[in-house]
Amino acid sequence: MAKDLISRKENYSQWYNELVMKADLAENSDVRGCMVIKPYGYSIWEKMQAALDKMFKDTGHVNAYFPLFIPKSFFSKEASHVEGFAKECAVVTHYRLKQNAEGKIVVDENAKLEEELIVRPTSETIIWNTYRNWIHSYRDLPLLINQWANVVRWEMRTRLFLRTAEFLWQEGHTAHATKEEAIVETRKMLDVYAEFAEKWLAIPVIKGVKTESERFAGAIDTYCIEGLMQDGKALQCGTSHFLGQNFAKAFDVKFTAKDGKQDFVWATSWGVSTRLMGALVMAHSDDNGLVLPPKLAPIQVVIVPIYKSDEEFEKVNNKAIIIKNKLLEKGISVKYDNRDTHKPGWKFAEYELKGVPVRVAIGPRDVDNSTYEVARRDTLEKKIYTEDNVIESIVALLDDIQENIYKKALKYRNENIHIVNNYDEFKNIINSETGGFVSAHWDGTAETEAKIKEETKATIRCIPFESNSESGVCVYSGKPSKQRVLFAKAY
RNA sequence: CGGGGUGUAGCGCAGUUGGCUAGCGUACCUGCUUUGGGAGCAGGGGGUCGCAGGUUCGAAUCCUGCCACCCCGACCA
């Protein structure tokens with residue numbers, strides 16, 4: 001079998017790479033560090049976009065678009081922000097090419113830009129520079145804007161979806177009259193992300209706050225949702241930042257309040273990226289290929305006809321078209337694969353690899369018996385349904401698959417949060433093959449955090465919102481601690 | 001940016017002690033037989049052997065330089 005995958009157990013990261021490519025989600029392009037998102041993969045991203053976009057609109061946000069290029073000077077206005085991104089910025093220095101004496105295309109050195117342009121790694125600076133002109137009064141607030149865009153971060157080592165030089169994302173940027181309102185917004189959008197992760201991606205996530213060293217460059221606080229992949233490594237699935245008045249001060253964005261006093265506005269920003277595609281693959285898929293949650297699957301049901309003769313095809317085809325139309329009427333996305341260039345067995349394997357949640361096979365026997373063979377991708381179970389219940393059964397099955405893969409991921413996640421009370425236990429878990437989260441006491445210092453990272457490669461993924469404060473002693477330093485935090489090796 | 005490795009058909013590889021027409025699997029095209037879990041047989045197309053120089057009667061093979069990509073580290077969503 002040509003498309004056989006390596007198993008997860010044998011080599012997890014190779015399994016991931018092969019799967020992304022063989023399932024036609026994306027491939028490496030000839031541009032170093034940049035991927036091509038293929039139609040099947042992009043279709044999943046579009047479904048994610050549609051769901052998120054609706055959630056943003058439902059919470060009062062509107063979309064806009066800001067420039068790809070940012071004047072270099074904008075970056076230097078917020079000190080920690082520039083420090084955070086300086087090392088991975090692509091810079092545009094010239095605006096023209098020319099042919100040299102040998103006829104080769106070269107950069108025209110006479111066309112040097114007076115001020116270099118940075119390809120946005122994130123848009124805070126251009127957006128706050130623009131907001132200065134839009135915000136004058138408390139009546140202009142809150143300003144709740146989202147942008148769907150590409151960004152560039154010049155990465156040394158890249159992996160499809162997880163880390164590429166260019167990626168797609170959305171970034172929300174909001175302005176508020178009060179600190180409290182901005183913090184509420186930051187939390188609200190984190191909740192939107194968590195709901196999206198759990199209801200759509202079917203990935204359970206832990207909400208929490210980042211430590212100072214893991215915080216977004218320029219933020220007062222960074223909130224995050226953390227998911228656990230099947231190899232026991234954590235993946236940040238979304239972040240939401242409370243920016244305080246940092247950017248308002250850097251870009252002089254002031255408003256006049258009801259009482260006539262001037263003040264800087266309070267800001268948030270929040271984003272999720274095509275990295276979620278990687279999360280989706282790594283959270284659910286198996287050694288046979290992708291397992292997609294029905295809510296995000298480009299094709300929810302595939303119908304495969306089985307026949308020998310033209311007469312058999314005729315009968316099978318009629319039956320297939322009828323059920324296809326009935327499923328379409330229920331709002332289900334259906335593909336009827338009646339190509340005669342591939343055999344049924346080939347199609348079965350292909351759609352399993354591509355994670356199509358439900359497969360309906362119709363052959364001569366089904367025509368004779370008024371039945372359908374229905375297979376579900378998550379468990380690979382096959383069942384025979386009859387004419388009178390097949391449609392309702394498939395509708396219910398899609399919901400069941402969505403629910404089932406979430407529950408499976410939740411069970412796995414919960415079984416892999418390990419509460420530890422000393423450093424030996426800590427290292428045992430972190431270094432074990434199964435990995436997972438370690439819930440441990442930490443003394444709150446960046447020094448301890450750095451030492452642990454150096455010695456174990458584990459980082460503090462977040463300080464969970466929901467962990468009850470409980471005093472103890474730091475697993476590393478033995479100093480007093482007020483709360484357990486979550487450690488893990490991470491992507 | 002440090003350490004290691006690899007460049008030969010779309011993809012995966014063999015050939016590399018200098019030798020004649022560059023090969024295998026897969027994918028692709030044609031035909032026939034097939035079709036309830038990645039079909040079989042027969043025929044066919046596809047290569048400036050990473051690039052540039054050099055040695056030689058003769059270079060994928062030896063020498064020199066360059067380039068690209070991959071893996072392992074440091075940085076990161």
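So you know, we letter chains A, B, ... as the sequences are listed, proteins then strands, and number each from 1.
Counting heavy atoms from C-beta on, the side chains of Val356(A) and Arg377(A) never come closer than 4.5 Å. Contact check for Leu280(A) versus Pro293(A): side-chain heavy atoms found under the 4.5 Å cut-off.
Across the protein-nucleic acid pair, Glu88(A) atom CD and rA74(B) atom C1' stand 14 Å apart, rounded to whole Å. Atom CG of Asp310(A) and atom C1' of rU35(B) are 12 Å apart (whole Å). One atom, CH2 of Trp154(A), and another, C1' of rC1(B), lie 16 Å apart when rounded to the nearest Å. In this structure, CG of Asp368(A) is placed 13 Å from C1' of rG36(B), rounded to the nearest angstrom. Between the CZ atom of Arg461(A) and the C1' atom of rC76(B) there is a distance of 11 Å, rounded to whole Å. Separating the CD atom of Glu352(A) from the P atom of rG37(B) is a distance of 12 Å, rounded to the nearest angstrom. Going from atom NE2 of His342(A) over to atom P of rG37(B) covers 17 Å, rounded to whole Å. The separation between Arg215(A) atom CZ and rC76(B) atom C1' is 17 Å, rounded to whole Å.
Comparing atom distances between the Pro344(A) side chain and each of rU35(B), rG38(B), rA68(B) picks out rU35(B) as nearest. In this structure, of rA68(B), rG37(B), rU35(B), it is rU35(B) that holds the atom nearest to the side chain of Tyr307(A). Closest approach to the Ala349(A) side chain among rG36(B), rU35(B), rG38(B) is made by rG38(B) (side chain taken as heavy atoms from C-beta onward). For Arg163(A), whose side chain is taken as the heavy atoms from C-beta onward, the closest listed nucleotide among rC75(B), rA74(B), rC76(B) is rC76(B). In the set rG38(B), rC75(B), rU35(B), the nucleotide with an atom closest to the side chain of Lys453(A) is rC75(B). Each of rG38(B), rG37(B), rU35(B) was ranked by its minimum atom distance to the side chain of Lys382(A); first place goes to rG37(B). Residue Glu155(A) places its side chain closer to rC76(B) than to any other of rG38(B), rC76(B), rA74(B). Listed candidates were rG36(B), rC76(B), rG37(B). Nearest to the side chain of Ala361(A) is rG36(B).
Not counting sequence neighbours, His94(A) has no partner by the ring pair (Phe, Tyr, Trp, His ring centres under 6.0 Å) test.
Comparing rG10(B) with rG53(B), their P atoms sit 24 Å apart, to the nearest whole Å. Rounded to a whole angstrom, the distance from the C1' atom of rG54(B) to that of rC41(B) is 50 Å. Spacing of C1' atoms, rC66(B) relative to rC28(B), comes out at 35 Å, to the nearest Å. With both ends at atom C1', the span from rU6(B) to rG50(B) equals 11 Å, rounded to whole Å. Nucleotides rG23(B) and rU61(B) place their C1' atoms 15 Å apart, quoted to the nearest Å. Taking atom C1' in both rC49(B) and rA22(B), the straight-line distance is 8 Å, to the nearest Å. Taking atom P on both rG47(B) and rC11(B), the two are 14 Å apart, rounded to the nearest angstrom. Taking atom P on both nucleotides, rG12(B) is separated from rC69(B) by 15 Å, rounded to a whole Å.
At a threshold of 4.0 angstrom between heavy atoms, the contacts of Leu235(A) with the nucleic acid are absent. Note on Phe216(A): nothing from the nucleic acid sits closer than 4.0 angstrom, heavy atoms only. Nucleic acid contact for Arg159(A): none, since no nucleic acid atom lies under 4.0 Å from a heavy atom of the residue. Contact annotation for Thr459(A): no contact, since no heavy-atom pair falls under 4.0 Å across all strands. Residue Asp366(A) is in base contact, counting any heavy-atom pair closer than 4.0 Å across all strands shown.
When the nearest nucleotides of RNA chain B are assigned to Gln236(A) and Gly33(A) by heavy-atom distance, the more 5′-ward of the two goes with Gly33(A). Judged by closest nucleotide on RNA chain B, Arg365(A) is the one of Arg365(A) and Asn28(A) placed further toward the 5' end.
With a cut-off of 3.5 Å on both Watson-Crick or G-U wobble distances, the partner of rC24(B) is given as rG12(B). Taking a pair to require two hydrogen-bonding distances under 3.5 Å in either a Watson-Crick or a G-U wobble arrangement, rC1(B) pairs with rG73(B). Pairing for rA42(B) is with rU30(B), a Watson-Crick or G-U wobble pair whose two hydrogen-bonding atom distances lie under 3.5 Å. When both pairing distances are held under 3.5 Å, rU35(B) makes no Watson-Crick or G-U pair with any nucleotide shown. If you check rG7(B) for Watson-Crick or wobble pairing at under 3.5 angstrom, you find it paired to rC67(B).
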Would you tabulate the side-chain donor-acceptor contacts of residues 39-46 of chain A under 3.5 Å, counting partners in other chains and residues two or more places apart, or write 'none'?
from	atom 1	to	atom 2	distance (Å)
Tyr40(A)	OH	Lys354(A)	O	2.6

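Taking the six-membered ring for Trp, His81(A) and Trp128(A) have ring centres at least 6.0 Å apart. Between Phe85(A) and Phe75(A), the ring center distance fails the sub-6.0 Å criterion.
For the OP1/OP2 pair of rA74(B) and a distance below 4.0 Å, the side-chain nitrogens and oxygens of Lys457(A) include at least one atom meeting the criterion. Applying the 4.0 Å criterion to OP1 and OP2 of rA39(B), one finds that Lys343(A) has a side-chain N or O inside that range.
Of the charged side-chain nitrogens involved, at least one lies within less than 4.0 Å of a carboxylate oxygen, so that Lys319(A) and Glu387(A) count as a salt-bridged pair.
Cation-pi geometry between Arg187(A) and Phe465(A) is met: under 6.0 angstrom from the ring centre, within 45 degrees of the axis.
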